[in-house]
Amino acid sequence: LRMHFVDAGPADAPVVLLLHGEPTWSYLYRKVIPVLVAAGLRAIAPDHIGFGRSDKLSEPSDYSYARHIDWISAFVAALDLRDVLLGEGLSRRVVDAVISVPRDRFVPRHQRFRAWEDHAMSIGHGQTISQPTVVAVMTEAAAVGPGDRVLDVGTGSGYQAAVLAACGATVHSIERIPALADDARARLAGLGLEVDVTCGDGATGHAEHAPYDAIVVAAATPTVPPAL
């Protein structure tokens, strides 16, 4: 079976693979692809089998979830795609915010060449910066927009706070490790992002600026702290 796809941007650039949660076609991403390419990324968007310019099967029973997974897996293997950033059901607002924030500024200098690889990376003090897709999905789930007040629990490198701020939100971020809080505060200010970074225990909330339109937590906890 032939699967048609759009492949735009430099061949050696970090890859963004645009996949929706349901089988669909590349036309869905017609406004997102130029933004990604303008940011120096390679955007790939397939027409799933049965959609767009890809082949169609004559029997409806031939379309199954298992076969859909097999087709996409074969597609990724055929193009030898590795360490891709998945654009799955993200709004243009979030995509624009993610690509506007220079992620390489939030990882250790010796790791900057790997900044856009889609996995968590150590930032010291036993902490990590979340992978790009996690930050994007959490930002999408928070549904924040210009003027919203957001509490970001677990500042870490400041990357999640930066993406939220890039969405136009007023961000108050709290971090329990002083060195990380200080570094994130300086980093965000250096990028011109107005984020209020406080050193403290996020489990107790941050009542000074409450209530919040959204609370984003990048920390492990067995239960949701009552203060949040």
Side-chain angles (χ1 to χ4, degrees), residues 83 85-86 90 93-228:
D83 298 321
L85 173 66
L86 292 175
L90 301 177
R93 169 182 52 82
V94 171
V95 171
D96 286 351
V98 170
I99 65 178
S100 73
V101 175
R103 183 175 165 86
D104 59 294
R105 296 285 295 276
F106 293 83
V107 302
R109 186 176 299 274
H110 69 281
Q111 295 270 49
R112 286 184 176 177
F113 72 101
R114 301 178 56 199
W116 281 100
E117 292 180 6
D118 196 33
H119 54 75
M121 301 175 68
S122 172
I123 56 172
H125 304 278
Q127 305 300 307
T128 61
I129 177 176
S130 297
Q131 63 199 75
T133 50
V134 168
V135 172
V137 169
M138 289 178 67
T139 303
E140 187 71 47
V144 301
D148 286 342
R149 185 184 298 119
V150 182
L151 176 61
D152 170 45
V153 178
T155 311
S157 68
Y159 180 62
Q160 175 71 79
V163 173
L164 291 167
C167 287
T170 298
V171 183
H172 300 277
S173 190
I174 187 165
E175 169 59 50
R176 65 182 179 84
I177 300 175
L180 289 179
D182 291 342
D183 288 348
R185 187 182 299 111
R187 185 178 296 115
L188 292 163
L191 292 172
L193 296 171
E194 297 184 7
V195 176
D196 170 44
V197 179
T198 301
C199 186
D201 184 359
T204 63
H206 193 35
E208 180 181 353
H209 299 285
Y212 299 97
D213 296 295
I215 298 176
V216 177
V217 181
T221 177
T223 59
V224 177
L228 301 180

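Values below: all heavy atoms of this structure, side chains included; hydrogens, waters and symmetry mates excluded. What you see is a predicted model, and the numbers here were worked out from it, not measured in a lab.
Every residue meeting the ring-ring contact (aromatic ring centres under 6.0 Å, His included) condition with His209, not counting sequence neighbours, appears here in chain and number order: His172, His206.
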Task: side chain to side chain contact (heavy atoms under 4.5 Å, CB included) evaluation trace for Asp213 with Val144 - done: CA-CA 8 Å; Asp213 296 295; Val144 301; 6.0 Å; no
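In this structure, Thr155 and Leu180 have side chains that are not in contact, with every pair of non-hydrogen atoms separated by 4.5 Å or more. For the pair Val153/Ile215, a side-chain contact is recorded, criterion being any heavy-atom separation below 4.5 Å from C-beta on. When side chains are defined from C-beta on, Val98 counts as touching Tyr159, because their heavy atoms get closer than 4.5 Å. In this structure, Phe106 and Leu191 have side chains that are in contact, with non-hydrogen atoms separated by less than 4.5 Å.
Between the side chain of Asp96 and the backbone N or O of Arg93, no donor-acceptor pair lies under 3.5 Å.
Atom CG of Asp152 sits about 10.0 Å away from atom CD1 of Ile174, to the nearest 0.5 Å. Between His125 atom NE2 and Ser122 atom OG the span is 9.5 Å, to the nearest 0.5 Å. The CD1 atom of Ile123 sits 6.5 Å away from the OG1 atom of Thr128 when rounded to the nearest 0.5 Å.
Side chains of Thr139 and Gln160: a donor on one and an acceptor on the other come within 3.5 Å.
Each salt bridge (charged side-chain N to carboxylate O under 4.0 Å, His left out) pair with one or both residues in residues 181-207, not counting sequence neighbours, appears once here: Asp182-Arg185.
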